[in-house]
Protein chains: 2
Amino acid sequence: MPVTDYQTLKDLATRIRIHSVESTSAANSGHPTTSSSIAEILSVLFFNTMRYKVCSPKDPASDRFVLSKGHAAPALYGAWAETGLFPASDMLKLRQVGCNLEGHPTPRLNFIDVGTGSLGQGLAIADGMAYVGKYFDNSDYRVYCLIGDGESAEGSIWESISFASYYKLDNLVLIIDANRLGQSEATQLGHNLDIYQKRLEAFGFNVYVVDGHDVEQLVKAFDQAATVKGKPSAVVAKTFKGRDFPGIEDKDNWHGKPLGPETERVLKHLRSLLKDKQGPLKFTIQPPTARVPSVDITNIKLPFPPNYTLGEKMATRAAYGTALVKLARSNPRVIALDGDMKNSTYSEAMKKHNPQEYIECFIAEQNLVGVAIGATCRDRTVAFISTFAAFLTRAFDQIRMGAISRSNINFCGSHCGVSIGEDGASQMALEDIAMFRSIPGSTVFYPADVVATERAVELAANVKGITFIRTSRPATTIVYPNDHVFEIGKANVLFSTNNDELLIIAGGITLDQALLAAETVAQQAVRVRVLDLFTIKPIDKQAIISNARQCKNKILVVEDHYPEGGIGEAVLSALAEETGIYVKHVAIPKVPRSGTPTQLLDYYGIDAPHIVGYIRELLKRGKTLSTI
Amino acid sequence: MPVTDYQTLKDLATRIRIHSVESTSAANSGHPTTSSSIAEILSVLFFNTMRYKVCSPKDPASDRFVLSKGHAAPALYGAWAETGLFPASDMLKLRQVGCNLEGHPTPRLNFIDVGTGSLGQGLAIADGMAYVGKYFDNSDYRVYCLIGDGESAEGSIWESISFASYYKLDNLVLIIDANRLGQSEATQLGHNLDIYQKRLEAFGFNVYVVDGHDVEQLVKAFDQAATVKGKPSAVVAKTFKGRDFPGIEDKDNWHGKPLGPETERVLKHLRSLLKDKQGPLKFTIQPPTARVPSVDITNIKLPFPPNYTLGEKMATRAAYGTALVKLARSNPRVIALDGDMKNSTYSEAMKKHNPQEYIECFIAEQNLVGVAIGATCRDRTVAFISTFAAFLTRAFDQIRMGAISRSNINFCGSHCGVSIGEDGASQMALEDIAMFRSIPGSTVFYPADVVATERAVELAANVKGITFIRTSRPATTIVYPNDHVFEIGKANVLFSTNNDELLIIAGGITLDQALLAAETVAQQAVRVRVLDLFTIKPIDKQAIISNARQCKNKILVVEDHYPEGGIGEAVLSALAEETGIYVKHVAIPKVPRSGTPTQLLDYYGIDAPHIVGYIRELLKRGKTLSTI
């Protein structure tokens with residue numbers, strides 16, 4: 001028996017359709033037909049199947065729902081309006097600047113966990129939520145994720161399907177809204193639901209194929225799914241785009257269009273379908289019964305400080321693993337995720353410390369990021385994601401959406417730049433700083449040594465938003481004492497003399513080389529200053545300007561990154577409104593090649609001997625600069 | 001019967017193993033165990049199955065081979081060394097700066113079509129090659145793509161599997177090297193080959209499961225695959241990592257490691273396996289028999305010029321479609337690919353013009369880009385890829401690898417910036433310029449109007465490397481006459497008066513608004529100049545500097561992009577070595593929200609009234625600037 005009676009579920013579906021049409025027509029944009037195909041799925045989930053609190057939409061004990069096909073937002077908003085969370089009249093402000101009912105869902109709304117709208121990303125997030133529910137919270141809340149059929153062409157969906165199956169996420173239900181039509185033409189599989197079924201079963205899912213407009217079939221499928229253990233379930237729902245919109249249902253060329261002059265005709269028809277035309281409808285929303293542990297992820301600290309020896313050499317990537325384990329000792333909700341690179345990124349240290357706090361995501365970086373986003377929702381965990389920095393480009397769209405989702409997720413990208421050596425260009429991150437700098441609100445750490453790396457990890461665990469820590473493969477000299485206090489956005493002068501004539505700004509391997517160069521020229525009474533930014537974003541604008549002014553208005557930036565978007569441009573941005581400062585910028589100008597790290601630093605002109613050369617050239621040039 | 005006898009194929013496999021061990025030990029880095037698992041697959045493909053010319057490794061009539069698991073490069077190089085293409089002694093220079101036998105394959109080698117090494121990308125490229133073979137060349141050359149089992153976790157692989165199946169690429173054979181071991185632990189499916197088979201069959205493949213170290217089974221599988229029509233084939237090969245390396249075979253912790261002290265012991269064992277210890281081995285390489293049309297993709301021109309009216313308004317995205325069709329009339333090898341956005345990006349015009357020149361790639365952007373890369377290999381086509389610019393972030397890794405592959409592929413990203421309006425942040429590209437600028441050798445067009453857009457498309461078709469054309473959703477004013485001659489790297493002054501006091505640099509919608517602002521203030525005798533860069537990369541450094549100098553050393557940059565990596569930083573980079581120029585940079589500072597385009601341009605301060613405000617502020621400030 002349903003919790004809410006079938007006729008009421010049907011009426012709720014129709015009301016969701018009415019909201020979708022009214023709101024998109026009021027906005028004169030949006031996706032009413034896409035909303036219509038999922039109306040029964042939402043009515044059954046929200047008014048029968050899911051356990052949650054309307055008054056507290058993100059209660060940790062509640063079932064989760066992720067609308068991966070975010071363009072069906074009007075239907076989702078309509079469902080929540082029907083729960084009574086907000087007045088249905090708000091729907092008419094859809095997509096307006098003054099209203100948080102945006103074109104696609106974002107967490108500006110208190111009932112939305114993550115932003116969606118770039119397709120294929122919701123299931124990874126649902127995987128992360130389900131993983132946390134099953135393995136961290138040891139709780140029985142359930143996770144529902146609704147994707148479109150066109151969306152199932154995204155490979156990321158299959159990464160997430162594979163992950164759910166591998167980790168036996170029996171608390172997860174994937175729903176495919178098979179409405180047959182994509183944006184610009186029919187989907188690859190159309191209404192051949194048996195193919196979806198075969199594919200999902202081959203990937204280890206328990207599958208129900210249902211009529212997605214039949215509330216009874218939906219109720220039963222979700223009820224049965226809840227009883228299946230050891231594997232995730234999927235409900236493949238045969239639906240029609242524009243369902244119950246006469247003359248529009250199942251027709252091409254109605255994607256993403258309000259109904260315009262058809263609005264009133266369709267609304268009239270929809271209203272005629274309501275059995276209970278007055279309302280309020282009598283429905284039951286089941287409260288959550290799951291027990292969830294209370295979790296505190298604030299104020300996470302290294303329980304003991306870095307313990308290294310100044311002047312020795314060690315790779316920053318190694319300190320990443322060390323710091324992770326320290327944080328995990330301080331708070332067991334600190335977790336690490338990796339894409340089968342853990343023995344190179346050093347996240348393996350976490351797995352060795354406690355396998356429960358490590359999630360192996362295999363070679364599937366998009367899902368890796370999505371799982372982390374899901375795992376951090378409702379503040380359940382503090383997630384650190386690692387792989388080669390180059391391969392994080394694979395998840396740029398997920399990272400971008402992570403910012404829209406207001407996710408607090410932390411990345412560590414190892415093996416940056418040509419300094420990795422022999423493996424060659426495909427493995428070298430040379431655009432990673434550009435990528436992470438472009439993420440709104442991000443924090444980009446480029447720790448100079450192992451001491452700085454440990455503190456970067458600690459700071460990352462506490463700062464909001466998306467963080468990125470760039471680590472290097474080769475060992476670099478330890479330049480900070482163990483008790484150095486690091487701050488986000490605070491640069492440190494690592495080398496200076498009296499009367500410096502040039503400011504050098506570098507990072508990682510080039511900072512290491514710049515210090516060598518500074519020491520070399522100092523022996524010949526050539527005075528330069530070396531600044532470590534620590535964070536490339538936010539950047540210590542004040543330190544750059546004041547140090548540059550003290551160094552005769554000359555800056556040399558040397559970085560193991562392509563010229564665009566890296567340290568050089570970050571420094572130039574900081575100086576945009578300053579005048580009179582000359583910047584020479586040295587970076588990797590083209591696709592690099594294989595070679596030993598030493599050979600490549602020389603070949604691309606970013607090693608100490610080359611830096612000595614730039615210093616000499618700049619100091620000569622300095623004599624003419626003063627005339628500008 | 002095999003073309004080369006089975007024993008010789010076995011010896012060739014052993015010799016491939018010997019090369020792999022010797023070369024990686026000489027380099028003291030690399031992946032001998034990963035190479036070993038594919039030795040028989042390569043010996044059978046290169047010395048029995050494939051038809052090709054050793055003397056002309058990229059002959060268009062030849063069968064193609066893509067080593068998607070690029071870290072097995074030593075095996076591939078070893079196979080080619082055995083064909084006689086280059087001396088086997090070159091193998092000992094593997095991974096050295098002076099040698100093109102890099103850590104992962106790149107087209108610096110004349111027998112490599114595309115760079116690989118970021119996993120999961122090769123099959124999309126093979127799909128593109130096979131699509132061209134079947135549908136454009138109407139030829140019977142075949143395409144073989146070898147992936148790793150760990151690699152099959154990449155969702156992009158399943159996008160490509162789906163594409164191959166949908167388009168019935170029966171000239172394609174996917175080989176999965178199921179060696180059971182990933183980099184840091186066992187793969188998800190281990191040696192459960194039946195699961196691979198089920199999954200591939202569910203996705204529409206004809207599948208053979210074989211012992212990947214049995215040359216006879218491999219020969220037969222490839223022979224049979226060649227007879228299957230209407231669907232692609234897959235060979236799932238059960239293999240062992242480090243095969244024939246005693247004590248190392250099938251063991252953990254041997255990924256990406258040369259054999260070190262084990263080298264001589266293993267080599268001795270391998271040599272003992274050779275039946276013919278002296279050589280040269282007698283083998284047959286079958287020459288190509290496929291007929292391929294000769295193709296000329298040089299000097300592609302718009303057959304007739306743009307035809308618009310100055311001062312009218314039109315969206316640049318619309319001109320993209322128009323220009324595509326014009327180019328296609330000039331050369332039928334110009335093709336368009338889209339990810340189910342063709343009715344928004346206007347690539348639909350190409351499908352309407354000639355469905356044969358349009359490839360629908362559905363909602364799978366990674367495969368979309370890979371297919372284009374494959375389609376352009378060996379100069380068979382000129383490919384234009386379009387979708388919302390925001391969704392191109394999904395393929396950043398493919399684009400990055402495209403540069404390593406020296407691909408000539410062209411992107412058009414529509415719906416950039418907040419100017420798209422109601423759909424909200426998930427659909428707004430605000431990091432696309434940053435992304436494409438970071439690609440080595442890229443050309444980034446930001447056409448001001450429809451005239452400029454048509455010429456950008458024409459120029460893109462001819463320039464080498466990766467190009468990006470950023471188009472806008474709203475209509476903008478036509479500012480160029482139809483006969484304007486555009487050049488890459490050449491900016492144009494669109495508005496100026498005598499004695500200008502400020503240079504405004506903007507793009508797309510903000511250029512439109514800047515021109516309005518300039519006209520507004522001109523009525524009050526405030527004199528500003530407006531510069532259109534046309535290409536953000538390469539950037540017209542000289543024009544920026546000279547115009548800034550003529551405009552009292554003051555620049556205002558206004559852009560519909562995040563602050564990092566966009567026009568502002570490109571301009572600042574151009575000015576790095578100049579001093580005395582003040583730059584005010586206005587961009588979108590945070591994750592935006594839904595609203596009408598007009599509301600959002602106002603909300604984020606990039607519309608004409610705001611620009612008027614910045615002008616006034618800067619001109620006031622100018623009075624104090626002169627003292628710096």
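Order of the sequence lines fixes the chain letters, A, B, ..., with proteins taken first and strands second; residue numbering starts at 1 for each chain. Nothing here was measured: the structure is a model prediction, and the numbers come from that model.
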Let's test your reading of the structure: which of [options] forms the most heavy-atom pairs below 4.5 Å with chain A?
| options | answer |
| --- | --- |
| B:Cys361, B:Gly150, B:Gly566 | B:Gly150 |
| B:Glu151, B:Gln427, B:Gln398, B:Met341 | B:Gln427 |
| B:Pro440, B:Gly103, B:Ser344 | B:Pro440 |
| B:Met401, B:Lys584, B:Glu422, B:Lys198 | B:Glu422 |
| B:Gln183, B:Arg394, B:Gln188 | B:Arg394 |
| B:Pro589, B:Ser162, B:Gly424 | B:Ser162 |

Options [options], ranked by heavy-atom pairs under 4.5 Å with chain B, top entry:
| options | value |
| --- | --- |
| A:Gly148, A:Gly565, A:Ala364 | A:Ala364 |
| A:Gly70, A:Pro563, A:Ala390, A:Ala434 | A:Ala390 |
| A:Arg406, A:Arg593, A:His585, A:Gln96 | A:Arg593 |

*Step-by-step side-chain contact (heavy atoms from CB on, under 4.5 Å) determination, B:Tyr603 to A:Val97*: CA-CA 9 Å; B:Tyr603 194 85; A:Val97 147; 4.1 Å; yes
*With sequence neighbours left out, write down each residue that passes side chain to side chain donor-acceptor pair (under 3.5 Å) with A:Ser426, or none if nothing qualifies.*
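A:Ser426: no side chain to side chain donor-acceptor pair (under 3.5 Å) contacts found.
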*Any salt bridge between B:Lys351 and A:Glu185, counting N to O under 4.0 Å?*
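Salt bridge: yes.
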*Is B:Arg437 salt-bridged to A:Glu569, cutoff N-O under 4.0 Å?*
yes
*Apply the test side-chain contact (heavy atoms from CB on, under 4.5 Å) to residues A:Gln366 and B:Glu154: give CA-CA distance (whole Å), side-chain angles for both, the deciding distance (0.1 Å), then the verdict.*
CA-CA 8 Å; A:Gln366 298 193 67; B:Glu154 288 284 11; 5.9 Å; no
Any chance you could measure [X], atom [atom1], to [Y], atom [atom2], to the nearest 0.5 Å?
| X | Y | atom1 | atom2 | result |
| --- | --- | --- | --- | --- |
| B:Asp149 | A:Phe362 | CG | CZ | 11.0 Å |
| A:Ile157 | B:Glu159 | CD1 | CD | 10.5 Å |
| A:Thr393 | B:Ile439 | OG1 | CD1 | 8.5 Å |
| A:Ile404 | B:Met428 | CD1 | CE | 9.0 Å |
| A:Trp158 | B:Ser152 | CH2 | OG | 13.5 Å |
| B:Asp397 | A:Leu392 | CG | CG | 9.5 Å |

Side chain, backbone, both or neither: which part of [X] has a non-hydrogen atom closer than 4.5 Å to chain B?
| X | answer |
| --- | --- |
| A:Glu365 | both |
| A:Cys99 | backbone |
| A:Lys342 | both |
| A:Ser118 | both |
| A:Leu119 | both |

Proximal component of [X], with respect to chain A [non-hydrogen, under 4.5 Å]:
| X | answer |
| --- | --- |
| B:Asp338 | neither |
| B:Tyr562 | side chain |
| B:Ala395 | neither |
| B:Ala186 | backbone |
| B:Gln197 | neither |

*Do B:Thr596 and A:Arg95 have side-chain N/O donor and acceptor atoms under 3.5 Å apart?*
no
*Evaluate the salt bridge (charged side-chain N to carboxylate O under 4.0 Å, His left out) criterion for residues B:Glu564 and A:Lys537: first the C-alpha distance (whole Å), next the side-chain angles of each, then the deciding distance (0.1 Å), finally the verdict.*
CA-CA 10 Å; B:Glu564 297 85 2; A:Lys537 182 182 172 189; 3.4 Å; yes
Side-chain ([X]) to main-chain ([Y]) donor-acceptor, under 3.5 angstrom:
| X | Y | result |
| --- | --- | --- |
| B:Glu102 | A:Ser594 | yes |
| B:Arg400 | A:Ala429 | no |
| B:Asp340 | A:Ser184 | yes |
| B:Ser438 | A:Glu431 | no |
| A:Arg199 | B:Ala202 | yes |
| B:His104 | A:Asp423 | yes |

*Do other residues, nucleotides or ligands put more than 12 heavy atoms under 6.0 Å from B:Asn253 CG?*
no
*Does B:His255 have any ring-ring contact (aromatic ring centres under 6.0 Å, His included) partners at least two apart in sequence or in another chain, and if so, which?*
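Scan of B:His255 (ring-ring contact (aromatic ring centres under 6.0 Å, His included), adjacent residues dropped) gives B:His31, B:His71.
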*Can you label the angle between the A:Phe396 ring and the B:Phe396 ring as parallel, tilted or perpendicular, going by 30° and 60°?*
tilted
_Stepwise side-chain contact (heavy atoms from CB on, under 4.5 Å) check, B:Arg108 with A:Val591_ = CA-CA 11 Å; B:Arg108 290 192 177 99; A:Val591 173; 4.2 Å; yes
*Over all heavy atoms of both residues, which pair between A:Val583 and B:Glu577 is shortest? Give the atoms and the distance, please.*
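In terms of heavy atoms, the two residues are closest at O-CG, 3.3 Å.
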